[in-house]
Colleague: 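My structure is below; once you've seen it, I'll send some questions.
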Amino acid sequence: MARMEMNAVPASLVIPAEVSAEAYYELGLMHASGRAGAVDLVKAQMWFNVAFARGCARAAAHRQELALEMDRDQIASALREARAFLTRH
C-alpha cells in the first residue's frame, strides 16, 4: 500500500467545506508555531484571514500580531491566498 505524508497534501484539499471557523483558526496557529512543519507566516496569516472571514473573532488579534512581523509582499500574498481559498470553498 502506498503511503503519503499529510504535509505533502495542500490543506485546501484535505479540509472539508463544512469545517468550522475554529478549525481554520487552529490551522493558523499550527503554521505560526511550526507545528505543521517549518514556521510559515504567510500560511498562518492566510488561515487567520479565512477564520476571521468565517466568524472567528479571535483570529483578528493573531492576524494583527503576525502582520507586525511580515513585509507588505507577504501580507499581500496571504490575502490573495485567503481570497482564493474562500472563493473555492
Side-chain angles (χ1 to χ4, degrees):
M1 177 189 292
R3 188 180 143 136
M4 182 169 54
E5 292 294 322
M6 289 307 291
N7 288 342
V9 178
S12 60
L13 298 178
V14 176
I15 302 169
E18 67 273 1
V19 170
S20 72
E22 290 296 316
Y24 295 120
Y25 172 77
E26 287 296 323
L27 279 171
L29 291 176
M30 286 175 58
H31 285 282
S33 67
R35 290 188 322 216
V39 171
D40 187 338
L41 298 182
V42 173
K43 285 290 184 197
Q45 181 80 326
M46 181 205 109
W47 288 121
F48 288 139
N49 284 327
V50 170
F52 183 72
R54 295 289 167 101
C56 178
R58 296 189 303 164
H62 290 285
R63 209 171 53 158
Q64 290 172 336
E65 187 177 320
L66 281 183
L68 297 174
E69 299 178 35
M70 300 167 70
D71 62 36
R72 292 177 139 216
D73 290 339
Q74 290 174 310
I75 294 168
S77 178
L79 287 170
R80 276 192 305 274
E81 289 182 35
R83 274 190 226 112
F85 180 85
L86 289 167
T87 56
R88 287 190 319 263
H89 297 90

Colleague: Distance from M30 atom CE to K43 atom NZ, nearest 0.5 Å?
Modeller: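 Reported value, rounded in 0.5 Å steps: 12.5 Å.
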Colleague: With a 3.5 Å distance limit and no angle check, can you tell me whether Q74 reaches the backbone of D71 through a side-chain donor-acceptor pair?
Modeller: yes
Colleague: Please say yes or no: joined through hydrophobic side-chain contacts below 4.5 Å, possibly via intermediate residues, are F52 and V42 part of one cluster?
Modeller: no
Colleague: Quick one: are H31 and Q45 in side-chain contact, heavy atoms under 4.5 Å?
Modeller: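 When only atoms from C-beta onward are counted, Q45 and H31 do not touch, as no gap falls below 4.5 Å.
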Colleague: Considering non-hydrogen atoms only, spot the tightest contact between A32 and A44 and give its length.
Modeller: N-CB, 3.5 Å
Colleague: Could you see if L79 belongs to whatever hydrophobic cluster contains M70? Use Ile, Leu, Val, Met, Phe, Trp, Tyr and a side-chain cutoff under 4.5 Å.
Modeller: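 Both belong to a single hydrophobic cluster.
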Colleague: Using the rule that two of Ile, Leu, Val, Met, Phe, Trp, Tyr join whenever any of their side-chain heavy atoms come within less than 4.5 Å, decide whether I75 and L41 are in one cluster.
Modeller: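 The answer is yes; both residues are in one hydrophobic cluster.
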Colleague: Over all heavy atoms of both residues, which pair between A59 and F48 is shortest? Give the atoms and the distance, please.
Modeller: CB-O, 3.4 Å
Colleague: Hydrophobic clustering (ILVMFWY, side-chain heavy atoms < 4.5 Å, transitive) - are W47 and L29 grouped together?
Modeller: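 No; tracing contacts between hydrophobic side chains, which count when under 4.5 Å, never links both residues.
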Colleague: Out of R83, R63, R54, which residue meets the side-chain contact (heavy atoms from CB on, under 4.5 Å) rule with N49?
Modeller: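 So the option named by the test is R63.
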Colleague: Is M46 reachable from L27 through a run of hydrophobic residues whose side-chain heavy atoms are each under 4.5 Å from the next?
Modeller: yes
